[in-house]
Asks: 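Input: one structure, supplied below.
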Amino acid sequence: MPVKINSTKDTFHLTGGNTSYVVHIDSERDLLGLYWGPALNNADITYDEHDYMPGASFDLPASLKPFEIPTPGNGYYGTPALRIRNEYGDDITELKVVSFETYKGKRPLSGLPYIYTENDDEAESVEFTLTDSLTGAEVKAVYTVFNNCGAITRSLKVRNCSEKKLVIEDIMPASLPLWDGDLDILHLKGSWARERSLVRTPAGKSEYRITSERGASGHEENPFFAVLSRNADEDTGKVYSMDLIYSGSFMDSVRSDHQDHLRMGTGMDPDVFSWLLMPGETFVSPEAVLVFSDTGLNGMSAIYHELFRTRLARGKWRDRSSPVLINNWEATYFDFNEQKLIDIAEKAMNIGIELFVLDDGWFGKRNSDDSSLGDWKENRDKLPSGIKGISEKINGMGLMFGLWFEPEMVSPDSRLYREHPDWCLHVDGRKRNEARNQLILDLTRPEVQDYVTGSISEILRSASIGYVKWDMNRNMTEYYSGSLIPERRKETQHRYMLGLYRVLEKITSEFPDILFESCSGGGGRFDPGMLFYMPQTWTSDDTDAVERLKIQYGTSLAYPASSMGAHVSAVPNHQTGRTVSMRMRGEVAMAGNFGFELDLSALSEDDISEAKDLVTRVKEIRDLTRTGRFIRLLSPFDGNDAAWMFVSENRDEALVFFYRTLTTPNTAPVRLLLKGLDPDASYSDSEGRTYSGSVLMNRGLTMRTRNSFSSETVHLKKTDMN
Ligand code: GLA
């Protein structure tokens, strides 16, 4: 039983994997968090109010009480998990537990992405109902614990059971006290073309906030973050982490109180969110995922990877390896015609590529980024036989056909905008700020959602399309919808996300065979929310292999290799001007969903044959890179070398990747200490050398690669079982 309740029915021990989480209802019927950390044999934690008494008489006990849903007004002065403004204008809320319910499995979250179960034995849930008697606010706090991995999900449902209006101003589905000291904060920061760099900083004496106000999770920040022991590394130490299953603005917070206790939490960004709750209405928060590891960051990542790959991603492509693709973007940009595309596809076919993706520029009169978004009709000057014609030709060569869309946008120079100038997010009387010459459609409006669903579905129905790249190339500026009454205007960003999720649910359900990949100027919306609808995301517009080491390494903290699009592009690289061998570019891309994004006709004979070899190798290893355990070995943030490996579930097979960006002459070869192998087994590489698992993990595997911008892979297979 993963949710164990004590005999007095006031302490709830949620346990799975190596983790325990203990929640308690105290004598005042407050819901308290008593523990999160390594698994406890028995959660007989006595809740002693003295533990929470302030040292001096100045503070109220509530200032230290470890609330699970802290609210303003009772003496708690930290960051609230819930702030509800009531009809009297105050936000004082006293949430008292009135009942609880446990059940096997996990219930869906309506209208939002969530972690699901496939059978009820995988997880167990407990729902606490709390009420504030004065305002009539009712809160359901929903917890689920997963048996095998110990991941915990939390969400809140707030219902207005009164006759008066309530306004939710802050909501964090997860907020909890930590019972540990000497901690660092780790999060993923970046920008366009430099997404998800690791930032590690000591947890200080104040509040540390990680936020996006952009209406997207963003290139700059990611909802994933961790608080970890100061000495924790990839393989040792305690890590407490959270991710928010949401693609819009968010706030993560780590806050120290006056006695240096830390609290961490994740939820909506209160600067760009509020929600008017009318009598009888319910607001459902996004879901937070909580992962604890006492085997460092690799241990944490293994839990996220498995959970996100198998219980967040959905549909047919969840359990299939992605086809090797070629995308024409960096090969042609907007300058193409049907013949040029057919030529690329022919060359692709000859080297074993399986999917041809036609990127931006196929619709309206779009020959640069200054027009036509919203007019999803093919440009017959470029494509005389239309999307149907070209898709049939590509299919005739034995390749799948894929298409790029940017459905959430409108160009001011478009038929759509001329017909519906009020369909974009805007504020009357203010400038409509353009970014990349475009505006954002107001997806809070059902008629706009229906237009997007209808126009995209029409194209998808009209031709044989096996793949869609769903792009989104700017962030929100005037994030208010004219269709909402003033009291509701601050709901716009969240209503937009609900509208987007509605559109995505409709389209992905109608076209279950299509492989969808999300994108936002590269990896500007690489978050768990999008992975619920689309199993993969374009990781970055930066295709430089050296930069990609950092981007893919950082992304791998929370997101599985199966979710990362990774392409080989031309040299000198279009983003950095760097020249890296075809082999290294390929071996970096092989650690994700592999593809090409270059003009194959411009390649030398040698590069073509290397490319062909890469495709053959990818087809051999892609099941392993999709389903195997991904383990980080050497960090590109720490030096000029990087390494990671994949190990199959039964440890019969492993694939080791080593990369060197800059070399130092006359230095010893690198000996990589491998991880996750069977110590008692023998493994052999493709050249017939054999090694024992324990030697590989303790003495290491010597890399032969010495030169700058080079890479090496070693494919190990078990030869015997001792
Ligand atoms: C974004 C994407 C690119 C490409 C262009 C097309 O930047 O990230 O991959 O699709 O848009 O305009």
Side-chain angles (χ1 to χ4, degrees), residues 190-196 214 216-220 247 322 325-336 340-341 344 355-376 378-379 382 401-414 434-440 456 459 465 467-475 515-527 530 534 536-545 547-548 551-552 555 563-570 573-576 585 589 592-599:
S191 70
W192 174 80
R194 194 165 37 76
E195 295 91 338
R196 290 172 295 285
R214 296 168 172 265
S217 47
H219 296 93
E220 294 69 19
S247 314
S322 303
L325 68 77
I326 182 137
N327 177 306
N328 73 308
W329 178 241
E330 287 199 17
T332 65
Y333 294 105
F334 294 101
D335 182 19
F336 60 82
K340 225 173 177 175
L341 301 177
I344 294 175
L355 160 66
F356 173 88
V357 180
L358 173 52
D359 210 281
D360 195 355
W362 58 265
F363 51 93
K365 56 181 180 67
R366 189 156 165 100
N367 293 315
S368 76
D369 63 13
D370 63 1
S371 83
S372 306
L373 293 171
D375 298 347
W376 301 109
E378 64 257 303
N379 176 337
K382 284 178 171 175
F401 178 78
L403 201 56
W404 177 97
F405 292 92
E406 199 179 349
E408 299 160 62
M409 299 290 152
V410 62
S411 305
D413 182 7
S414 65
E434 291 174 25
R436 211 187 186 215
N437 307 306
Q438 62 199 54
L439 297 164
I440 304 183
I456 304 301
I459 298 272
I465 295 171
Y467 164 103
V468 164
K469 178 172 171 187
W470 184 291
D471 208 342
M472 192 284 282
N473 281 323
R474 64 159 291 182
N475 291 144
L515 169 60
F516 286 86
E517 174 157 354
S518 82
C519 174
S520 171
R525 210 164 50 181
F526 204 129
D527 58 61
M530 294 311 282
M534 314 195 188
Q536 59 191 60
T537 299
W538 179 224
T539 314
S540 176
D541 274 347
D542 191 339
T543 52
D544 172 81
E547 286 296 303
R548 271 298 184 118
I551 296 168
Q552 292 175 205
T555 305
S563 65
M564 294 186 222
H567 299 170
V568 172
S569 62
N573 179 270
H574 293 192
Q575 292 78 37
T576 62
R585 281 176 277 156
N593 293 310
F594 182 90
F596 291 91
E597 187 152 340
L598 44 69
D599 181 359

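If you read the sequence from its start, that first residue is 1, and numbering goes on from there. For ligands, and for the atoms within them, numbers begin at 1 and follow the listed sequence.
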Asks: Need the ligand 1 atom indices (1-based, order shown) with element for anything under 4.0 Å from a heavy-atom of Asn473.
Replies: 1 (C), 7 (O), 11 (O)
Asks: Purely on distance, is any nitrogen or oxygen of Gly522 under 3.5 Å from one on ligand 1?
Replies: yes
Asks: Could you check whether Trp329 and Phe334 have their ring centres less than 6.0 Å apart?
Replies: yes
Asks: Run the numbers for me: atoms of ligand 1, each under 4.0 Å from some heavy atom of Cys519, listed by number.
Replies: 2 (C), 8 (O)
Asks: Distance under 4.0 Å to a non-hydrogen atom of Asp360: what atoms of ligand 1 satisfy this?
Replies: 6 (C), 12 (O)
Asks: With a 4.0 Å cut-off on N to O distance, would you call Lys365 and Asp413 a salt bridge?
Replies: yes
Asks: Can you list the steps and then say if Arg474 with Arg436 is a side-chain contact (heavy atoms from CB on, under 4.5 Å)?
Replies: CA-CA 7 Å; Arg474 64 159 291 182; Arg436 211 187 186 215; 5.5 Å; no
Asks: Heavy-atom distances under 4.0 Å are what count here, so tell me which part of Arg436 touches ligand 1: side chain, backbone, both or neither.
Replies: side chain
Asks: Find all atoms of ligand 1 within a distance of less than 4.0 Å from any non-hydrogen atom belonging to Gly521, and give their numbers and elements.
Replies: 7 (O), 8 (O)
Asks: Would you say Asp541 and ligand 1 have an N/O pair spaced under 3.5 Å apart?
Replies: yes
Asks: Just checking, is any N or O donor in the side chain of Ser322 or Gln536 under 3.5 Å from an acceptor N or O on the other one?
Replies: yes
Asks: Purely on distance, is any nitrogen or oxygen of Asp471 under 3.5 Å from one on ligand 1?
Replies: yes
Asks: For ligand 1, which atoms sit closer than 4.0 Å to a heavy atom of Lys469?
Replies: 3 (C), 4 (C), 9 (O), 10 (O)
Asks: How far apart are the C-alpha atoms of Phe405 and Trp362, what are their side-chain angles, what is the distance that settles it, and do they pass the ring-ring contact (aromatic ring centres under 6.0 Å, His included) test?
Replies: CA-CA 9 Å; Phe405 292 92; Trp362 58 265; 5.5 Å; yes
